[in-house]
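One structure below.
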Amino acid sequence: MISTYQRIYAVVRRIPRGRVATYGQVAALAGLPGQARLVGYALHALASGTAVPWQRVINARGTVSARGTQSGGALTQRMMLEREGVAFNGAGRVSLDRFGWKPTGKRPAAGRDSR
DNA sequence: ATGCTGACTATGT
DNA sequence: TACATAGCCAGCA
């Protein structure tokens, strides 16, 4: 039996490397429009060992959300994303316009700088 | 069964 | 752009 969480994990697993998706985005794809909190909570409850690129899931602001415990975990996540090719600006934010994952398969044309 | 908490988002100031 | 407030669902005590 698949729980709501399993659904979220499935969506997150579909995020290609070098791309990031917002909680709201994943929530909508998982069939939970507006329930971004559940996505974050699901990832929090994510058991170690589960193959889910939770690191590619960030908030709508393009920043990495901090999780109560495990201080610095967000920092590690940021490092992993940079390793995949995701660039962070001085404010520690990611340009969703360039690295935001397009579930529709549509891509903002390769190599497109907006600013 | 009820109540609280939680990796969020949208809107208003 | 940043801060504050309201709404939402699932899991645990």
Side-chain angles (χ1 to χ4, degrees):
Chain A
M1 89 290 208
I2 58 176
S3 299
T4 313
Y5 283 22
Q6 297 297 312
R7 242 166 152 149
I8 295 170
Y9 301 150
V11 176
V12 177
R13 215 177 287 177
R14 277 149 70 183
I15 303 173
R17 179 169 163 282
R19 241 22 142 320
V20 294
T22 64
Y23 291 96
Q25 184 113 39
V26 176
L29 293 171
L32 308 166
Q35 280 59 9
R37 307 180 104 193
L38 292 224
V39 178
Y41 199 42
L43 294 178
H44 177 162
L46 180 52
S48 341
T50 313
V52 178
W54 58 272
Q55 55 206 79
R56 291 171 194 157
V57 183
I58 60 178
N59 58 29
R61 287 177 186 155
T63 57
V64 179
S65 301
R67 55 208 47 65
T69 88
Q70 270 192 30
S71 315
L75 215 47
T76 306
Q77 178 175 1
R78 175 176 156 181
M79 188 172 73
M80 288 195 289
L81 288 174
E82 285 186 298
R83 208 152 116 68
E84 294 193 353
V86 180
F88 284 73
N89 67 15
R93 288 194 294 214
V94 180
S95 299
L96 296 173
D97 297 307
R98 303 194 321 181
F99 300 102
W101 172 47
K102 269 60 176 172
T104 52
K106 257 156 74 167
R107 256 172 285 153
R112 203 126 236 323
D113 65 293
S114 337
R115 191 163 41 121

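Letters go in sequence order (proteins before strands), and every chain restarts at 1.
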- Query: Do Tyr41(A) side-chain atoms and Tyr5(A) backbone N/O form a donor-acceptor pair below 3.5 Å?
  - Reply: no

- Closest heavy-atom pair, Gln55(A) versus Met80(A), reported as atoms and distance to 0.1 Å, is NE2-CB, 3.4 Å

- Letter by letter from the 5' end, nucleotides 1-7 of chain C scores (B base, S sugar-phosphate only, - none; protein heavy atoms under 4.0 Å) -S----B

- Dump the intermediate steps for side-chain contact (heavy atoms from CB on, under 4.5 Å) on Lys102(A) and Arg19(A), then the final yes or no. CA-CA 9 Å; Lys102(A) 269 60 176 172; Arg19(A) 241 22 142 320; over 6 Å; no

- To the nearest angstrom, the NE2-C1' distance between His44(A) and dA7(B) comes to 8 Å

- Could you tell me the separation between the CD1 atom of Ile8(A) and the P atom of dC9(C), rounded to a whole number of Å? 13 Å

- Task: Please report the shortest heavy-atom distance between Glu82(A) and Phe88(A), naming the atom on each side.
- Result: CG-CD1, 3.5 Å

- Measure the distance from CD1 on Ile15(A) to P on dA7(B) and round it to the nearest whole Å. 19 Å

- Item | Rounded distance (Å) that lies between atom P of dT9(B) and atom CG of Leu32(A) | 14 Å

- Message: Nearest whole Å is fine: how far is dG6(B) P from Asn59(A) CG?
- Response: 17 Å

- One should read off an interatomic distance between Arg93(A) CZ and Ile58(A) CD1, to the nearest 0.5 angstrom, of 11.0 Å

- Message: If hydrophobic clusters are built from ILVMFWY residues whose side chains come within less than 4.5 Å, do Leu29(A) and Val20(A) share one?
- Response: no

- Query: How close do Thr63(A) and Asn59(A) get, heavy atom to heavy atom, and via which atoms?
  - Reply: O-OD1, 2.7 Å

- Message: Count I, L, V, M, F, W, Y as connected when their side-chain heavy atoms are under 4.5 Å apart, and connections chain through other members. Are Tyr23(A) and Val86(A) then in the same cluster?
- Response: no

- Task: Could you tell me the separation between the OH atom of Tyr23(A) and the P atom of dA10(C), rounded to a whole number of Å?
- Result: 18 Å

- Calculate the interatomic distance between Leu46(A) atom CG and dA10(C) atom P; express it in whole Å. 18 Å

- Message: Reading DNA chain B from 5' onward, which residue's closest nucleotide shows up sooner: Gly24(A) or Leu38(A)?
- Response: Leu38(A)

Could you go through nucleotides 11-13 of chain C and list every protein N or O atom that sits under 3.5 Å from one of its N or O atoms, giving the distance for each pair?
none

- Is Glu84(A) reaching over with its side chain to a backbone N or O of Pro16(A), donor-acceptor style, under 3.5 angstrom? no

